[in-house]
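Contents: one structure, followed by commentary.
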Amino acid sequence: MNNEHITEQAVTSSASIREGRGQTAVDYRYLRMARIWAENSYCKRRQVGALVVKDKMIISDGYNGTPSGFENVCEDETGVTKPYVLHAEANAITKLARSGNNSEGSTLYVTASPCIECAKLIIQAGIRRVVYAEKYRLTDGIDLLTRAGIEVEYRSLDGTR
């Protein structure tokens with residue numbers, strides 16, 4: 001699968017883009033906030049954060065971790081992620097379901113590209129745009145989002161493509 005359909009816009013060193021008021025600057029701000037939110041994760045292998053934004057308001061947030069009531073240990077003794085660990089996107093979307101907020105037409109900011117399972121949740125939640133900061137080796141989630149007509153944008157936070 002190729003990534004030609006993804007809009008790629010890497011961070012430039014220009015302070016005007018990072019500190020400006022355009023959509024690009026806003027995207028970087030929310031992605032940086034999602035990266036900070038990821039620090040709440042107890043996962044050792046990879047910490048991922050997600051924010052759902054609608055009408056310039058954060059309506060939900062999430063980070064990868066275990067379900068409520070489980071111990072905060074994401075990996076087994078060999079370092080493999082436990083099968084019941086929830087992804088940041090899934091946590092943010094299920095949190096929305098419990099809140100009464102409506103995600104129709106919203107934007108999801110996530111530090112890592114969504115997997116195919118999270119892509120299905122994103123589609124069903126009515127999220128219209130996904131902005132992510134790290135590419136993953138598998139593109140099936142991104143491909144599904146694009147097929148569903150969801151705007152998908154990659155924006156690197158570390159200045160690489």
Side-chain angles (χ1 to χ4, degrees), residues 6 8-15 17-101 103 106-122 125 127 129-139 141-142 145 150-161:
I6 299 171
E8 293 201 28
Q9 298 179 5
V11 175
T12 67
S13 60
S14 168
I17 289 179
R18 285 183 180 243
E19 297 171 10
R21 299 213 182 271
Q23 186 61 53
T24 300
V26 170
D27 288 345
Y28 287 123
R29 274 190 219 108
Y30 283 125
L31 280 175
R32 288 193 308 270
M33 290 193 308
R35 183 170 58 189
I36 291 167
W37 197 245
E39 295 173 11
N40 289 311
S41 173
Y42 288 90
C43 295
K44 294 178 182 172
R45 253 189 49 193
R46 185 173 209 188
Q47 294 180 313
V48 179
L51 299 175
V52 180
V53 177
K54 183 175 181 180
D55 300 328
K56 300 180 183 179
M57 291 188 333
I58 297 170
I59 60 170
S60 191
D61 53 61
Y63 52 87
N64 57 328
T66 56
S68 298
F70 283 66
E71 73 282 354
N72 288 320
V73 178
C74 297
E75 296 86 8
D76 64 20
E77 48 289 331
T78 65
V80 174
T81 300
K82 293 181 178 181
Y84 53 82
V85 169
L86 291 161
H87 290 184
E89 306 94 301
N91 265 327
I93 291 168
T94 56
K95 193 175 185 180
L96 268 168
R98 296 176 77 179
S99 74
N101 280 321
S103 56
S106 63
T107 298
L108 172 73
Y109 293 91
V110 62
T111 58
S113 63
C115 70
I116 194 155
E117 294 302 317
C118 288
K120 290 187 247 180
L121 293 174
I122 292 165
I127 294 168
R129 184 169 177 256
V130 174
V131 181
Y132 68 98
E134 298 171 18
K135 294 180 182 179
Y136 186 63
R137 62 182 171 80
L138 300 175
T139 63
I142 298 297
L145 292 171
I150 293 172
E151 183 181 344
V152 178
E153 296 183 43
Y154 166 71
R155 298 196 187 274
S156 173
L157 286 175
D158 65 6
T160 62
R161 286 188 158 250

With rounding to the nearest 0.5 angstrom, report the [atom1] to [atom2] distance, [X] to [Y].
X      : Y      : atom1 : atom2 : answer
Ile142 : Glu153 : CD1   : CD    : 11.0 Å
Thr107 : Lys54  : OG1   : NZ    : 10.5 Å
Arg155 : Tyr109 : CZ    : OH    : 8.0 Å
Thr139 : Leu145 : OG1   : CG    : 11.0 Å
Ile93  : Arg98  : CD1   : CZ    : 15.0 Å
Tyr132 : Ser156 : OH    : OG    : 10.5 Å

Can you name the nearest heavy-atom pair linking [X] to [Y], along with the distance?
X      : Y      : result
Gly62  : Trp37  : O-CD1, 3.3 Å
Arg35  : Leu157 : NH1-CB, 3.5 Å
Tyr63  : Ala38  : CB-CA, 4.3 Å
Ile127 : Ile150 : O-CD1, 3.4 Å
Leu108 : Val52  : CD1-CG2, 3.8 Å

If we only count heavy atoms from C-beta on, is the [X] to [Y] side-chain gap below 4.5 Å?
X      : Y      : value
Glu134 : Val48  : no
Glu75  : Tyr42  : no
Asp27  : Arg129 : yes
Leu51  : Ser60  : no
Tyr84  : Pro67  : yes

query: Counting distance only, does the side-chain N/O of Asn64 pair as donor-acceptor with the main-chain N or O of Arg46 below 3.5 Å?
result: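 Yes.
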
Residue pairs fulfilling side chain to side chain donor-acceptor pair (under 3.5 Å) with at least one residue in residues 85-95, sequence neighbours excluded: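 Only Asp61-Lys95 qualify under side chain to side chain donor-acceptor pair (under 3.5 Å).
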
- request: For Asp55, check side chain to side chain contact (heavy atoms under 4.5 Å, CB included) against everything at least two apart and list the hits.
  value: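 With sequence neighbours excluded, Asp55 shows a side chain to side chain contact (heavy atoms under 4.5 Å, CB included) to no residue whatsoever.
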
task: Tell me, yes or no, whether the heavy-atom count around Lys82 atom NZ, taken from other residues, nucleotides or ligands under 6.0 Å, exceeds 12.
output: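 Buried by this count: over 12 neighbours within 6.0 Å.
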
- prompt: Picking from Thr66, Asn72, Val73, what satisfies side chain to side chain contact (heavy atoms under 4.5 Å, CB included) with Phe70?
  reply: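 Only one of Thr66, Asn72, Val73 forms a side chain to side chain contact (heavy atoms under 4.5 Å, CB included) with Phe70, namely Thr66.
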
